[in-house]
Novice: 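Let me begin by handing over the structure; questions about it come next.
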Amino acid sequence: MRILLQIVLSMALALCTLGAYAQNSPPRGGKWEFTLQPQYVHGQTFDTGNGSGGTVDSALGFGFGVAYNLNNNFSLGGDFFWNSANYNVTIAPAAGNGNAPFSASGTLQTSTIRFNGVWNIISGDFTPLIMGGIGSTYIDTNIPTAP
């Protein structure tokens, strides 16, 4: 019980210190923020049944973000990402189709755009935050429709 009380008191002291730090930090409001965001996508092997399947290689993509701080606690912005991964597939015809399976390879390309709203709970430089966003991802498989 005593250890639990020490932990709770230590956390309360840390939060009080953060509050004091937030009062002396420079204002965030009215400033722009920019981020560079590498994006790693892990490779995967898949089997879709009936002899079809393939592999997608791991890939390192790129992204960036921009946001404008409306005040010390709220900001609006967006993120943009691009990625390309090589793949190899085997495409089998449907049951009853006399054509032979064929192999293909290509590049899977993705791009994402996302709009975000952020609430910084404490107005200082170091703050927990809550973020919400909405966006869309475009995927181009470049899979051929015939050999």
Novice: So does N72 get a backbone contact from the side chain of R28, meaning a donor-acceptor N/O pair under 3.5 Å?
Specialist: yes
Novice: Got a second to check how far D57's CG is from S105's OG, nearest 0.5 Å?
Specialist: 10.0 Å
Novice: For F64 and Q37, which heavy atoms make the closest approach, and how far apart are they?
Specialist: C-NE2, 4.0 Å
Novice: Given a cutoff of under 4.5 Å between side-chain heavy atoms of I, L, V, M, F, W and Y, with clusters grown through shared members, what are the other residues clustered with I134?
Specialist: none
Novice: State which residues pass ring-ring contact (aromatic ring centres under 6.0 Å, His included) with Y68; sequence neighbours excluded, sorted by chain then number.
Specialist: W32
Novice: Between F81 and I113, is a side-chain contact (heavy atoms from CB on, under 4.5 Å) present by the stated rule, with each step listed?
Specialist: CA-CA 7 Å; F81 299 101; I113 183 170; over 6 Å; no
Novice: Decide whether F34 and V118 are clustered together by the hydrophobic rule: side chain heavy atoms of Ile, Leu, Val, Met, Phe, Trp, Tyr closer than 4.5 Å, transitively.
Specialist: no
Novice: For the side chain of T112 and the backbone of T137, is there at least one donor-acceptor N/O pair under 3.5 Å apart?
Specialist: no
Novice: Under 4.5 Å between side-chain heavy atoms, counting indirect links through other Ile/Leu/Val/Met/Phe/Trp/Tyr residues: same cluster for F74 and I130 or not?
Specialist: yes
Novice: Using side-chain contact (heavy atoms from CB on, under 4.5 Å), reason through N116 and L76 one step at a time and then give a plain yes or no.
Specialist: CA-CA 6 Å; N116 303 317; L76 296 175; over 6 Å; no
Novice: Say whether V56 and V89 are linked into one hydrophobic cluster, either directly or through other cluster members, by side-chain heavy-atom distances under 4.5 angstrom.
Specialist: yes
Novice: Under 3.5 Å, is there a donor-acceptor pair between the side chain of Y87 and the main chain of T141?
Specialist: yes
Novice: Less than 3.5 Å apart, any donor N or O on the side chain of N83 or Q109 sitting next to an acceptor on the other?
Specialist: no
Novice: Can you tell me how far CG of N88 sits from OG of S103, rounded to the nearest 0.5 angstrom?
Specialist: 8.0 Å
Novice: Closest heavy-atom contact between N99 and N97?
Specialist: N-OD1, 2.9 Å
Novice: Evaluate the ring planes of W82 and F62, with Trp represented by its six-membered ring, and classify them as parallel (under 30°), tilted (30 to 60°) or perpendicular (over 60°).
Specialist: parallel
Novice: Take E33 and V66 through the side-chain contact (heavy atoms from CB on, under 4.5 Å) test and state the conclusion after the steps.
Specialist: CA-CA 6 Å; E33 295 179 2; V66 61; over 6 Å; no
Novice: Enter the distance from M131:CE to D79:CG here, rounded to the nearest 0.5 Å.
Specialist: 6.5 Å
Novice: Is a side-chain donor or acceptor of S52 paired with a backbone partner of A92 at a separation under 3.5 angstrom?
Specialist: yes
Novice: Any side-chain heavy atom of L108 within less than 4.5 Å of one from D140?
Specialist: no
Novice: Minimum heavy-atom separation for T90 and G51, please, with both atom names.
Specialist: CG2-O, 3.7 Å
Novice: With no hydrogens and no angle check, just 3.5 Å: does a side-chain donor-acceptor pair link S58 and Y40?
Specialist: yes
Novice: Between atom CD1 of I121 and atom CH2 of W119, what is the distance when rounded to the nearest 0.5 Å?
Specialist: 4.5 Å
Novice: Over all heavy atoms of both residues, which pair between T127 and I122 is shortest? Give the atoms and the distance, please.
Specialist: OG1-N, 2.8 Å
Novice: Just how far is it from atom OG1 of T107 to atom CG of N86, taken to the nearest 0.5 Å?
Specialist: 4.5 Å
Novice: Testing the basics here: between N71 and N73, what is the closest heavy-atom pair and its distance to 0.1 Å?
Specialist: OD1-N, 2.7 Å
